[in-house]
2 protein chains.
Amino acid sequence: MQLAKGIEWTTHVCTIIALLPEGKGLSVDALAEFFELPAAYLSKQMQALRRAGIAQSVRGKGGGYRLAQSPDAITLLDIVIAIEGPSPAFRCTEIRQNGPCGLERSECKRPCEIAAAFAAAEQAYRSALESKTLASIMQEAAMNSTPEHMMEIAGWVQRQSS
Amino acid sequence: MQLAKGIEWTTHVCTIIALLPEGKGLSVDALAEFFELPAAYLSKQMQALRRAGIAQSVRGKGGGYRLAQSPDAITLLDIVIAIEGPSPAFRCTEIRQNGPCGLERSECKRPCEIAAAFAAAEQAYRSALESKTLASIMQEAAMNSTPEHMMEIAGWVQRQSS
DNA sequence: CTTTATCCGGATAAAAGATATCCGATTAAG
DNA sequence: CTTAATCGGATATCTTTTATCCGGATAAAG
């Protein structure tokens, strides 16, 4: 079970484009340079964020990406779903219906106990991610960082933004 | 993010071999037939359970698999770790150290806030799975099943066990 | 209008991981 | 000792993830 790298990438990217002033954007090339990531693949990931309504894009010269919502309206769960899709990790194939002692389909309206247990665990996972907004992540990061480093980032964003 | 099928398979298998009387085992072929699964691949998954100390195997004629521990000592988390390995789903590649505003490695003793948030979510997931033992799953299943079906399964296990 | 910068989507390809199979090694039983 | 049953590791196939490239659309700037 592995989470796509795109989740790490786009989450970090969101914490950067959240710093943009109103109406400005950052190009994929700039973002890829900021984190030393492959630009073409990062572009694909950002498109997924746009489709999910998390980011906006502006085409053409001077265009780029910015957030489509306020940072306190975007949760880590939103980003995970945007990149990985909404389907749960545990896939129940109903093998209790198979074999010599298999149940009839009509007896299987409720999920089996195993599927239910995994569903509950995934719900706990999603709830934890849902409780973390981009804003809360950025606030924590600010508290663990230095003023110098934050100024460095803010300066870079301002220089690169269009 | 997908969980391997082997997790569903081996968890169901564990609820069956838990019914074996002392000293008996069930062959992979029998278990594969019981759930209509590909025997060779199920065999591989069962090997993972054995390496993890969840199941025991006996080779040769009359051999097979049985549990290596009491059902109330085996949790769903144990099975997940046996099949998927212990590494977390979120892989932090420390991209905060990259690029023009990258941090020095010496400044990165603590995990970044994003990695920490995902680690906390995974911990919630693992805790939920750890709270479910094989025994508790089997008890729930028994309450939602009929005496007839349970007898059917018990009879099959007894006939196939060696 | 032309040039330049940028996103968008599709085609493609390489790498990794999940899925599946085969056959040799091992052991009980006759 | 031979046979049949069974596990165990090596191998092969398929799917997903990761990654690249390019032509097209779009928009700002000269």
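So that the names make sense, note that chain A is the first sequence line, chain B the second, and so on, each numbered from 1. The basis for the numbers below is simple: all heavy atoms, side chains too, and nothing from hydrogens, waters or symmetry mates.
In this structure, A:I83 places its CD1 atom 13 Å from C1' of D:dT18, rounding to the nearest Å. The nearest whole Å value for the distance from the CD1 atom in A:I95 to the P atom in C:dT19 is 13 Å. Rounding to whole angstrom units, NZ of residue B:K61 and P of D:dC7 are separated by 14 Å. Remark: P of C:dA20 and CG of B:L37 are 9 Å apart, rounded to the nearest angstrom. For B:F35 and C:dA20, the CZ to C1' distance is 19 Å, given to the nearest whole Å. The distance between atom CD of B:Q56 and atom P of D:dC7, rounded to the nearest whole Å, is 13 Å. Summarising the geometry, the separation between CG on A:L42 and C1' on C:dT6 is reported as 14 Å, rounded to the nearest angstrom. The separation between A:D29 atom CG and C:dT6 atom P is 7 Å, rounded to whole Å.
Taking only side-chain nitrogens and oxygens, A:Q47 comes nearer than 4.0 Å to OP1 or OP2 of C:dG9. Residue B:R50 places at least one side-chain N or O closer than 4.0 Å to OP1 or OP2 of D:dG8. For the pair A:Y41 and D:dT18, the criterion of a side-chain N or O lying under 4.0 Å from OP1 or OP2 is met. Under 4.0 angstrom from either OP1 or OP2 of D:dG9 there lies no side-chain N or O belonging to B:R59. Residue B:R91 places at least one side-chain N or O under 4.0 Å from the OP1 or OP2 atom of D:dT18.
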(request) Go through the steps for A:S70 and A:D72 under the test side chain to side chain donor-acceptor pair (under 3.5 Å), then give the verdict. (result) CA-CA 5 Å; A:S70 156; A:D72 60 5; 2.4 Å; yes
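Residue A:S27 has its side chain nearest to C:dC7 when only C:dC7, C:dT4, C:dA20 are considered. Listed candidates were D:dT20, C:dC7, D:dG8. Nearest to the side chain of B:S43 is D:dG8. Considering only the side chain of B:K44, D:dT11 comes nearest among C:dG9, D:dT11, D:dG8.
Atom CZ of residue B:F35 and atom CG of residue B:L42 lie 9.0 Å apart, to the nearest 0.5 angstrom.
Residue A:G60 is the one, among A:Q2 and A:G60, whose nearest nucleotide of DNA chain C lies closer to the 5' end (criterion: closest heavy atom). When each of A:S57 and B:A39 is assigned the nucleotide of DNA chain C bearing its nearest heavy atom, the one mapping closer to the 5' terminus is A:S57. The residue among B:A40 and A:Q45 whose nearest nucleotide of DNA chain D is located toward the 5' end is B:A40.
Ring geometry, A:W156 versus A:F34: the interplanar angle falls from 30° to 60°, so the pair is classed tilted.
The main-chain N or O of B:Q158 is found under 3.5 Å from a side-chain atom of B:S161 such that the two form a donor-acceptor pair. One N or O on the side chain of B:E36 and one on the backbone of A:G99 form a donor-acceptor pair closer than 3.5 Å.
Taking A:Q123 as the reference, A:R126, A:S127 meet the side-chain hydrogen bond (donor to acceptor under 3.5 Å, both in side chains) condition, with sequence neighbours excluded.
For CD of B:E107, the number of neighbouring non-hydrogen atoms (other residues, nucleotides, ligands) closer than 6.0 Å is greater than 12. Residue-environment remark: CD (A:E94) exceeds the threshold of 12 foreign heavy atoms within 6.0 Å.
Within residues 3-25 of chain A, the residues having any heavy atom under 4.0 Å from DNA chain D are, by residue number, A:A4, A:K5, A:W9.
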